[in-house]
Protein chains: 2
Amino acid sequence: MVQYTRTAFDASFAALSDATRRGVLEQLGRADASITDLAGKFRMTLTGMKKHVGVLEQAGLVTTEKVGRVRTCRLGLRRLEEEAAWIERYRQLWEARFDELDQVVEELKRKEKADGRKKRE
Amino acid sequence: MVQYTRTAFDASFAALSDATRRGVLEQLGRADASITDLAGKFRMTLTGMKKHVGVLEQAGLVTTEKVGRVRTCRLGLRRLEEEAAWIERYRQLWEARFDELDQVVEELKRKEKADGRKKRE
DNA sequence: TAGATACTGAACCATATGGTTCAGTATACC
DNA sequence: GGTATACTGAACCATATGGTTCAGTATCTA
């Protein structure tokens, strides 16, 4: 993939792009869970779930701690502040852009009407 | 990858996980642009940029229209409403979860103090 | 009509993703 | 000590990602 700089920002959006991982986050929002718990809940092998948790951990969305033979997963420190901010900013940009386009359309309508009048003259 | 259901929701988070694509969205927020414009701005081959635009288009974040030999890209209809909503909901979950943990910590502190008193008795 | 411009598609490369199985290792329990 | 449980790592598979080059095709423009 030849990705040069893979920021935590990039990583968290990537982490959120999978339904299973979003589900895991929601689950951990309710209670901490072991790999076995999560694998059971999402009907997947331990190895598979371990990978998902790894992706979430890389993104800072989850932290884990192994005590005895069980690894407990809990929500990490990253609380999607920047991500929320980016999306909000984008939404404003989007609104502004479409307002602008609306104005162009209005302008065209106005001109058309004027042309119509001219033709009829 | 054996992905069964790749929703537009998944796709837009995936689309946002790349800095170049986020940049393209910001750019298109300011003005429509051709593939050549974007490729120039982000120092990339036309083919490379075409692929990024394809990903954004798949996600509904961009629409394109080819007139003559130029393909013009503009912001699509998807305005990240659901995505913003998911993140907001998560942030609330996160807050609630950490408040809960704080309470547990408080509880432990309280107990410890009580134990301390007991020992001193 | 010739040449420049704009895109497009196929092929290739390296790595990531989303899974699996299989073969461990470490810990808990009887 | 022996067995069950919980995780882990390696290897594998198919597809996606993020690029590239190269060889077109289509459209402007002089």
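Order of the sequence lines sets the chain letters (A, B, ...), proteins ahead of strands, with each chain counted from 1.
Dashed line: the shortest gap from a side-chain N or O of A:H52 to OP1 or OP2 of C:dT17 is not under 4.0 Å.
Look at NZ on B:K51: it is 10 Å from C1' on C:dG9, rounded to the nearest Å. With rounding to whole Å, A:I35 atom CD1 is found 16 Å from C:dT27 atom C1'. Distance NZ (B:K50) to C1' (D:dT17): 16 Å, rounded to an integer number of Å. In this structure, the CZ atom of B:R71 is 18 Å from the P atom of D:dT25, given to the nearest Å. Rounding to whole angstrom units, CG of residue B:D10 and P of C:dT17 are separated by 15 Å. Between the CG atom of A:L46 and the C1' atom of D:dA6 there is a distance of 7 Å, given to the nearest Å. A:E57 has its CD atom 10 Å from the P atom of D:dT8, to the nearest Å. We find that CZ of A:F42 is positioned 19 Å from C1' of C:dT20, with the value rounded to whole Å.
The side-chain hydrogen bond (donor to acceptor under 3.5 Å, both in side chains) check on A:R97 picks up A:E100, B:D32, with sequence neighbours excluded.
In this structure, A:T47 reaches the bases: a heavy-atom distance under 4.0 Å links it to at least one base atom across the strands shown. Among the protein residues, A:R43 comes within range of no part of the nucleic acid, since none of its heavy atoms lies under 4.0 Å from any strand. In this structure, B:G68 reaches the sugar-phosphate backbone alone: every heavy-atom distance under 4.0 Å involves primed, P, OP1 or OP2 atoms, never a base.
Nearest-nucleotide assignment on DNA chain C puts the 5′-proximal partner with A:M49, out of A:R69 and A:M49. Ranked by how close their nearest DNA chain C nucleotide is to the 5' end, A:V67 and A:A14 are led by A:A14.
The nucleotide whose nearest atom lies closest to any side-chain atom of B:D18 is, among D:dT20, D:dG18, D:dT8, D:dG18.
Ring geometry for A:F9 versus A:F13: interplanar angle over 60°, hence perpendicular rather than tilted (30 to 60°).
Atom CD of A:Q58 is surrounded by 12 or fewer heavy atoms from other residues, nucleotides or ligands within 6.0 Å.
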Pairs under 3.5 angstrom only: tabulate donor-acceptor contacts from the side chains of residues 59-69 of chain A to other protein residues two or more places apart or in another chain.
unit_1: A:T64; atom_1: OG1; unit_2: A:E57; atom_2: OE2; d: 3.0
unit_1: A:T64; atom_1: OG1; unit_2: A:R71; atom_2: NH1; d: 2.9
unit_1: A:E65; atom_1: OE1; unit_2: A:R74; atom_2: NH1; d: 3.3

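Remark: the A:E81 side chain and the B:W94 side chain contain no N/O donor-acceptor pair separated by less than 3.5 Å.
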